[in-house]
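See below for the structure under consideration.
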Amino acid sequence: MLKSVKIAVVVAIAYASVLSSAQAGVAEDLQNICTIVKADDKSELRKKMKKVESDYRLKLQDYYTGISCEGESLIRIAFLNNALETGELMIKKMPKSLLNTAESDGKTLRAWVSEHKLMTSPIANVLNERI
C-alpha cells in the first residue's frame, strides 16, 4: 500500500513539472511575437506559429487573448503599425467568431478599428471580408 502511494506521488510530481515547463516553454517561444508583428515579418510570424503548433499543439486562437503588446492585442498592433502582411495572416487564421468577440476593453475589433478611424486601412478590408 505504501509503495503504491509513493509511486502515485512521484507520478503526480513528474506530471506537474512537465506542465509547468510546457507553459514556460510556450511563453519563451512567444516572447518576441509583438516585435515580429510590428516589423510586418510574415514569414517569421508563420514560423513562430508553426513551431508553437507543432511543439505545444496550440493554434493562434488558443494564445491570442493571452498576449498583449503595449496594452493592445496582436491584430490591433498590426493595425497601429500598418503591418499589412502579419495582420492579414492573423485575421485569416482566427475563427470568425473570435474576430467578432469583444476584447479586453469590451470593444470588438471592428468597433475599435472604426473608433480609431482605421477603416481605410488595407487590413480593415481583409477584416471586413472575413467577418
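Values below: all heavy atoms of this structure, side chains included; hydrogens, waters and symmetry mates excluded. Throughout, numbering of the chain's residues begins at 1 and tracks the sequence.
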Problem - K38 vs E70 side-chain heavy atoms within contact, under 4.5 Å - result: yes
Problem - 4.5 Å side-chain heavy-atom contact, Y56 and D62 - result: no
Separation of [Y] [atom2] from [X] [atom1] (nearest 0.5 Å):
X	Y	atom1	atom2	result
T101	K96	OG1	NZ	14.0 Å
L98	Y64	CG	OH	9.0 Å
T120	N125	OG1	CG	8.5 Å

Handout entry: Salt-bridge contact E88-K92 (side-chain N to carboxylate O under 4.0 Å)
Key = yes
Handout entry: Sequence-distant partners of E72, side-chain contact (heavy atoms from CB on, under 4.5 Å), two or more places apart
Key = R76, I77, L80, W112
Can I get a per-line list of side-chain donor-acceptor pairs under 3.5 Å for residues 43-50, giving both atom names and the distance, sequence neighbours left out?
unit_1: S43; atom_1: OG; unit_2: D41; atom_2: OD1; d: 3.2
unit_1: K48; atom_1: NZ; unit_2: D29; atom_2: O; d: 2.6
unit_1: K48; atom_1: NZ; unit_2: N32; atom_2: OD1; d: 3.0

Suppose the criterion is disulfide bond (SG atoms under 2.5 Å apart): which pairs have a residue in [range], not counting sequence neighbours?
range	value
residues 100-131	none
residues 51-121	C34-C69
residues 93-131	none
residues 92-131	none

Practice task
Evaluate the side chain to side chain donor-acceptor pair (under 3.5 Å) criterion for residues N128 and R110: first the C-alpha distance (whole Å), next the side-chain angles of each, then the deciding distance (0.1 Å), finally the verdict.
Solution key: CA-CA 8 Å; N128 289 330; R110 180 181 258 167; 2.9 Å; yes
Handout entry: Considering all heavy atoms, the nearest D40-A83 contact
Key = OD1-C, 3.3 Å
Handout entry: Crowding at CD, Q31 (>12 non-hydrogen neighbours, <6.0 Å)
Key = no
